[in-house]
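To start, the structure under review is shown below, and the notes come after it.
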Amino acid sequence: MPQRYRNLCQHLAIARDRGYSLLLVERLHNLVQSGHDILYRTNSGISGRMLNYIAGGFAADLRANLRWVLLSTLLIIGPWIIMMVVIRLWPDFIYVVIAPDDIHQMDDMYNGDDAFDYGASILRDSGSNWKMFGFYIYNNISIAFRAFAGGLLAGLGTVYTLVFNGIHMGAIEARLVNIGAGRNFYSFVLGHTAFEIGGIIISGATGLKLGWSLIMPGRLSRPDSLKTTARSVLGLICGSGIMLLIAAMIEAFWSPHNFPLPIKIAGGVFTLLLLLGYFIFTGRRHAA
Amino acid sequence: MMLDTVRDITTPELIEIRLHPAGFLPRGFAFFIDTILRWLLMLLIAIPSMFIGDLGIGLFLISIFLIEWFYPVFFEVVFKGKTPGKRLVGLKVLNDNGTPISLSASIIRNFLRFADFFPLFYLFGLISMLTNKEFRRLGDIVAGTIVVYTEPAARRFSIPEAMPVPPDFPLSRDTQKTIVSFAERSVGLTKPRQEAGTLRGITSGGMGSL
């Protein structure tokens, strides 16, 4: 094939040079074009590359972009902590941040039963678990992808997503602790927190990096700088998507169960350690 | 000739390939078709999943997620840059060096659709297309992709029968091309325009400046 393609190119060059008939030149041109398409199709080995990436490339990538990850963490944790403190001190401040209807719905969800009653607090039947699984995937992963795309708006879209989610989560957490539903709340969220917040932080980091490469392209032209950056963070985005997928699984099928609180806490700590261990120890050889 | 939006790409074999970037309207039209197809697809999944309760809702939400984010990626990568809408309109996506679109480029350009949509109804994307001479939206610029017309298969010329009259001066290739394409169109033109065209084609062809 390459041999014949080269031949074809030569024919086209000669035909053009000698001014042969248009019909011929056009036909050769089309042949060359389709040959070019076949020859230069970016080839895959895609499953192998993906495995390699999961086996450590992701962690190495993350460490290489550590400062963006830290900045992203700051942008989500900062508002979170501020909200926690503010709403613990002035409980009514919640009504400034979240619509009253949503608050009542939240209250009902976590406070339907006595906080110490393991019998029947927030257990759902299994069909309902699937429904929530779908919802978490649709909602959370879309947020993550949008956080990346928001980077193209000079990073503002990303910053908004991060800060908004930080405020929202901090406010809800504080509110539920205020009304005494803390136990139910933590029992529900601890299991998937590490993967979910981790995923959002990482996708936020990609958006921030993209935004920064638009603002400060350095020695490249802006389109080139954006191009390089987008390529470099693509793995992180897909990785964060996968993390959120795992988070959705945990959230749908593990979090609603009524195991005793210590077990739920242990589960949360376990996933956190798993994740940290992965990011710290794997992919040392990938780093370059 | 210079008025055309044409992008010449030199392949590693030092042969030039000519691409014709597609503008806002055909692309918008292709996107419209794709949107309708996506909705039909969702409807198709929604109807059976309504009958299996909460599990169905869950599956439906997952498929909405997949369709929303991965429908274009899937078609662009598997079907050589053509989503069904683009195929109908006659467009395809390529990397901007003329090679078939890669998975990563496709993911980037489609994930960034959200930024093109901002603030409403693809306003940023539209501005970007109108200010860019290759009609690229923001996602295209970042992903390094370009949407072009698919080349129609080489067709035989259908020139009206006439006595060949060899010109008494050599015609350049561009001139030849102009004359041939004029001859092809001439059937559909009015009489006065045919004559005017004939005159202009020959005379300025002689100057070699068409």
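Numbers restart at 1 for each chain; the letters A, B, ... are given by sequence-line order, proteins then strands.
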From [atom1] ([X]) to [atom2] ([Y]), nearest 0.5 Å:
{"X": "B/D116", "Y": "A/L152", "atom1": "CG", "atom2": "CG", "result": "7.5 Å"}
{"X": "B/F111", "Y": "A/C238", "atom1": "CZ", "atom2": "SG", "result": "6.0 Å"}
{"X": "B/K80", "Y": "A/I38", "atom1": "NZ", "atom2": "CD1", "result": "6.0 Å"}

| Options A/A230, A/S34, A/S142, A/G235, ranked by heavy-atom pairs under 4.5 Å with chain B, top entry |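 Ranked by contacts with chain B, first place is A/S142.
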| Which atoms of B/N97 come close to chain A, meaning under 4.5 Å heavy atom to heavy atom: side chain ones, backbone ones, both, or neither? |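 Contact with chain A is through the backbone of B/N97 alone.
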| task | Can you tell which part of B/F60 gets under 4.5 Å to a heavy atom of chain A, answering side chain, backbone, both or neither? | result |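 When you check distances to chain A, no heavy atom of B/F60 falls under 4.5 Å.
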| message | Run B/D96 and A/K227 through side chain to side chain contact (heavy atoms under 4.5 Å, CB included) and show every step you take. | response | CA-CA 12 Å; B/D96 57 6; A/K227 223 186 278 188; 3.2 Å; yes
| said: The test is side chain to side chain contact (heavy atoms under 4.5 Å, CB included); show your working for A/W130 and B/I57 and say whether it passes. | reply: CA-CA 8 Å; A/W130 274 97; B/I57 297 177; over 6 Å; no
Segment of [X] engaging chain B (4.5 angstrom heavy-atom cut-off):
{"X": "A/I141", "answer": "both"}
{"X": "A/L234", "answer": "side chain"}
{"X": "A/L214", "answer": "neither"}
{"X": "A/R231", "answer": "both"}

| So, the side chain of A/R146 versus the backbone of B/L112: is there a donor-acceptor pair under 3.5 Å, distance only? |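 The answer is no, because no donor-acceptor pair under 3.5 Å joins these two groups.
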| message | Has A/H36 got a side-chain atom pairing as donor or acceptor with B/I17's backbone, closer than 3.5 angstrom? | response |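 Not a single qualifying donor-acceptor pair exists.
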| task | Applying side chain to side chain contact (heavy atoms under 4.5 Å, CB included), run through A/R16 and B/E16 and close with a yes or a no. | result | CA-CA 10 Å; A/R16 270 185 185 163; B/E16 278 190 352; 3.7 Å; yes
| query | Quick one: which residues of residues 61-77 of chain B reach chain A at under 4.5 angstrom, heavy atoms only? | reply |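 Residues in range: B/L61, B/I62, B/I64, B/F65, B/E68, B/W69, B/F70.
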| request: Begin with the C-alpha distance, continue with both residues' side-chain angles, and end with the deciding distance and a verdict on side chain to side chain contact (heavy atoms under 4.5 Å, CB included) for B/L55 and A/N129. | output: CA-CA 8 Å; B/L55 172 63; A/N129 282 348; over 6 Å; no
| pair B/F124-A/L153: side-chain heavy atoms closer than 4.5 Å |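 SC-SC contact between B/F124 and A/L153 confirmed.
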| field | Atom OH of A/Y138 with >12 non-hydrogen neighbours under 6.0 angstrom | value |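 Not buried by this count: 12 neighbours or fewer within 6.0 Å.
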| request: Give the minimum heavy-atom separation between A/A149 and B/A115, together with the two atoms involved. | output: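 Reported closest heavy-atom pair: O-CB, 3.6 Å.
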